[in-house]
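This chain uses plain numbering: 1 for the first residue, then up along the sequence.
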Amino acid sequence: MPTPDSQRRLVVPKAFILLAAGYMPDRATALDIFSHMRGRLAPYKRVRRIEFGELPKTISGKIRRAELRQREAARRGDDVRGAMEFWEEDFPELRRRREPAA
């Protein structure tokens with residue numbers, strides 16, 4: 001789902017993640033997810049932000065995407081970051097080291 005970003009672009013991709021039992025919504029888990037994406041996806045396909053938590057659902061169990069969009073727009077309007085939200089730029093260890101030219 002796109003999320004507004006005033007610093008880099010108009011919008012950046014964001015994923016809302018509900019973790020399986022036994023996994024903790026912490027920095028290490030976010031780093032693992034971002035590392036996995038970097039190893040498997042082209043840069044233009046990668047998610048730049050993730051947020052752990054419960055997803056709003058309808059009675060039939062479908063995810064309420066409109067509610068997620070509204071919540072995200074309200075947060076970005078107030079410049080508030082979610083408690084369990086991680087941005088790719090929070091992880092300097094993901095940046096590739098450039099080797100000096102010989």
Practice prompt. Report yes if some heavy atom in the side chain of Ile33 is under 4.5 Å from a heavy atom in the side chain of Phe52; otherwise report no.
Written response: yes
Practice prompt. Please identify each residue that fulfils side chain to side chain contact (heavy atoms under 4.5 Å, CB included) with Arg46, with sequence neighbours left out.
Written response: Met37, Arg38, Leu41, Pro43, Arg48, Glu88
Item to complete: Indicate, with yes or no, if Ile50 and Tyr23 share a hydrophobic cluster defined by side-chain heavy-atom contacts under 4.5 Å among Ile, Leu, Val, Met, Phe, Trp and Tyr.
Response: yes
Item to complete: Determine, using the 4.5 Å side-chain heavy-atom cutoff (strictly less than), whether Met84 and Leu19 are members of one ILVMFWY cluster.
Response: yes
Practice prompt. Mind running side-chain contact (heavy atoms from CB on, under 4.5 Å) on Leu31 and Leu94 for me, showing each step along the way?
Written response: CA-CA 8 Å; Leu31 178 60; Leu94 290 174; 3.8 Å; yes
Worksheet entry | Note: Glu72-Arg49 ion pair, threshold 4.0 Å (strictly below) | no
Worksheet item: Is there a donor-acceptor pair under 3.5 Å between the side chain of Thr29 and the backbone N or O of Pro25?
Response: no
Worksheet item: Who are the salt bridge (Lys or Arg N to Asp or Glu O under 4.0 Å) partners of Glu93, not counting sequence neighbours?
Response: Arg27
Worksheet item: Same cluster for Ile17 and Phe34 if Ile/Leu/Val/Met/Phe/Trp/Tyr side chains link at under 4.5 Å?
Response: yes
Fill in: Rounded distance [0.5 Å steps], CZ in Phe16 versus CD in Glu85
7.5 Å
Discussion item. Using 0.5 Å steps for rounding, measure from the CD atom of Glu51 to the CZ atom of Arg71.
Written reply: 6.0 Å
Worksheet item: Which residues satisfy the salt bridge (Lys or Arg N to Asp or Glu O under 4.0 Å) test with Asp26, sequence neighbours excluded?
Response: none
